[in-house]
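Just the heavy atoms: all of them, side chains too, but no hydrogens, waters or symmetry mates, feed the values below. Remember, it's 1-based here, ligands and their atoms both numbered in the order they're listed. Source: prediction; values computed, not measured.
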Amino acid sequence: MATITVRDLARSYGAVRAVDGITFSVAEGEVFALLGPNGAGKTTTVEILEGYRGRDTGTVEVLGFDPATGGSAYRERIGVVLQSAGFEEEFTVRELVRLQAGLYPRRHDPDELIDLVGLADKRNTRVKGLSGGQRRRLDLALGLAGAPDLLFLDEPTTGFDPAARHHAWDLVASLRDLGTTILLTTHYLEEAQRLADRVGVLRSGRLVAVGTPEELRAASDLPTKISFRLPGKAAATDLPKLSTVPRPAGDRLVLASREPVWDTWRLTGWAASHDVPLADLTVAPPSLEDVYLTLTGERDDDR
Ligand SMILES: Nc1ncnc2c1ncn2[C@@H]1O[C@H](COP(=O)(O)OP(=O)(O)OP(=O)(O)O)[C@@H](O)[C@H]1O
Ligand SMILES: [Mg+2]
């Protein structure tokens, strides 16, 4: 069953078509990631679904409600982590989480939530005394306060240090295991790869691709990357004939291969017979990042 159904959704700001006719759905229990460059329309889309922003045309159904008219019955069932939230700076972490939880009939224990997002030692700190990443953790706690069926996360881990990001990923994974449906936006492709069952790629207000990361990769038709370092005594001109010419990238050579088996065989055969160590040899399929950059028209072929 679909938790979110969006059909032909559009929203303009003056002459800017921020969302330009998009159609997609998110199944119950699914984690769906919206990707796209700055200004692609992610936040506009998410805020329309949250009921915080109006739409011009199209139909939207979320948890059986139209978010534009769902009112408090709708808002009690969703959790929201905005891209940028304004806080009451004088409140402590604990006060804010308690206040937020108090708005919901069904709620999580505020102190457990604070522990869960890793703010235990900041429980009694005023918001104005938190770092950027700590504020983002507080955002997450506030979004979870009402034990939502559906959680919206707009760039939830921006500003997190690497350990905090991994911690947040674990948290999202455990929410998914509990059956929470999640719509998130992110600029971190690794985050999308880890968390999302499916991703949608927005470009200038249009959805240019929707699918699992694997489906997007398979549809991309990008070459396999074969990369290695040559020792000082060998030159690129010494290499055997390969399906295409390797390009230098830093201290490495990179081959964008359409025939990876044949190229790898030629290359390693040559290296073994000439006793040339191919340091750090890797043979890698296109990454989600490669696919994303191609879909958004931002790919630099020399990468
Ligand atoms: N309140 C607003 N008034 C006017 N234009 C707006 C407003 N909000 C967004 N826009 C414009 O709509 C387009 C989409 O913005 P949106 O915030 O949805 O992008 P985004 O994909 O979330 O970007 P980012 O990755 O930077 O968060 C942009 O061109 C933006 O300038
Ligand atoms: Mg945004």
Side-chain angles (χ1 to χ4, degrees), residues 4-26 31-60 62 66-68 78-87 132-133 135-140 142-143 148 150-160 164-165 168-169 172 181-196 198-211 213 216 287-300:
I4 298 176
T5 309
V6 173
R7 214 167 290 123
D8 302 325
L9 176 65
R11 166 72 203 243
S12 296
Y13 302 102
V16 178
R17 287 185 69 79
V19 177
D20 195 8
I22 64 172
T23 297
F24 69 100
S25 63
V26 179
V31 179
F32 188 91
L34 272 181
L35 311 178
N38 292 137
K42 302 179 298 297
T43 295
T44 303
T45 301
V46 169
E47 290 187 353
I48 290 169
L49 300 188
E50 291 165 348
Y52 291 130
R53 220 174 261 251
R55 60 183 187 264
D56 297 335
T57 53
T59 55
V60 176
V62 188
D66 179 339
I78 64 170
V80 170
V81 174
L82 296 173
Q83 183 167 5
S84 58
F87 282 137
R135 283 173 183 244
R136 210 64 194 127
R137 295 185 195 203
L138 176 58
D139 284 337
L140 198 52
L142 296 175
L150 168 63
L151 184 61
F152 293 99
L153 302 171
D154 198 355
E155 297 191 29
T157 66
T158 295
F160 278 27
R165 179 164 297 130
W169 291 347
V172 170
T181 307
I182 298 171
L183 177 63
L184 68 94
T185 78
T186 183
H187 290 295
Y188 302 109
L189 281 301
E190 189 189 353
E191 183 161 294
Q193 175 78 55
R194 290 260 190 139
L195 296 179
R198 286 189 308 140
V199 302
V201 180
L202 276 173
R203 175 182 184 176
S204 306
R206 292 173 175 272
L207 263 179
V208 291
V210 180
L216 265 49
S287 65
L288 185 57
E289 186 152 318
D290 294 327
V291 175
Y292 166 86
L293 291 171
T294 303
L295 287 167
T296 55
E298 299 169 301
R299 187 156 187 269
D300 169 358

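Atoms of ligand 1 lying under 4.0 Å from any heavy atom of Val16, numbered from 1 in the order shown and given with element: 29 (O). The distance from ligand 1 to the heavy atoms of His187 drops below 4.0 Å at these ligand atoms: 25 (O). Below 4.0 Å from some heavy atom of Arg53 lie the following atoms of ligand 1, by number and element: 1 (N), 8 (N). Using a 4.0 Å cut-off to heavy atoms of Ala18, the atoms of ligand 1 that qualify are 12 (O), 13 (C), 14 (C). If you number the atoms of ligand 1 from 1 as listed, the ones under 4.0 Å from a heavy atom of Thr43 come out as 17 (O), 18 (O), 20 (P), 22 (O), 27 (O).
Closest to atom 16 (P) of ligand 1 among all protein heavy atoms lies Thr44 OG1, 3.6 Å. Looking at atom 25 (O) of ligand 1, its nearest protein heavy atom turns out to be Lys42 NZ, 2.7 Å. Looking only at protein heavy atoms, the nearest one to atom 6 (C) of ligand 1 is Tyr13 CD1, 3.2 Å.
Among all heavy-atom pairs drawn from Ile182 and Leu150, the shortest one is N-CD1, 4.4 Å. Closest non-hydrogen pair, Ala192 versus Ala33, comes out as CB-CB, 4.3 Å.
Counting only heavy atoms from C-beta outward, the side chains of Ser12 and Asp56 approach each other to under 4.5 Å. Residues Ser204 and Asp20 fail the side-chain proximity criterion, which asks for heavy atoms closer than 4.5 Å. A 4.5 Å side-chain heavy-atom check between Leu35 and His187 finds every atom pair outside the cut-off.
Side chain of Thr157 to main chain of Phe160: no donor-acceptor pair is present (N/O by atom type, distance under 3.5 Å, no hydrogens or angles). With hydrogens and angles disregarded, no donor-acceptor distance shorter than 3.5 Å links the side chain of Asp139 to the backbone of Val81.
No heavy atom of Glu47 sits closer than 4.0 Å to any atom of ligand 1.
Remark: Thr185 OG1 to Lys42 NZ distance equals 6.0 Å, nearest 0.5 Å.
Screening Thr44, Asp66, Thr45 against Arg55 for a side chain to side chain donor-acceptor pair (under 3.5 Å) leaves a single residue, Asp66.
Looking at ligand 1, you'll find an N or O of Gln83 within less than 3.5 Å of one of its N or O atoms.
For atom 18 (O) of ligand 1, a protein non-hydrogen atom is found at a distance below 4.0 Å. Within 4.0 Å of atom 30 (C) of ligand 1, not a single protein heavy atom is present.
Within the 4.0 Å heavy-atom criterion, both parts of Asn38, backbone and side chain, lie near ligand 1.
Taking each of Ala40, Gly39, Gly41 in turn, the one with a heavy atom nearest to atom 13 (C) of ligand 1 proves to be Gly39.
With Tyr188 as the aromatic partner, Arg165 meets the cation-pi criteria of under 6.0 angstrom to the ring centre and within 45 degrees of the ring axis.
The distance from the Mg ion (ligand 2) to the nearest N/O/S atom of Thr185 is not under 2.8 Å. Between the Mg ion (ligand 2) and Thr43 there is an N/O/S contact shorter than 2.8 Å.
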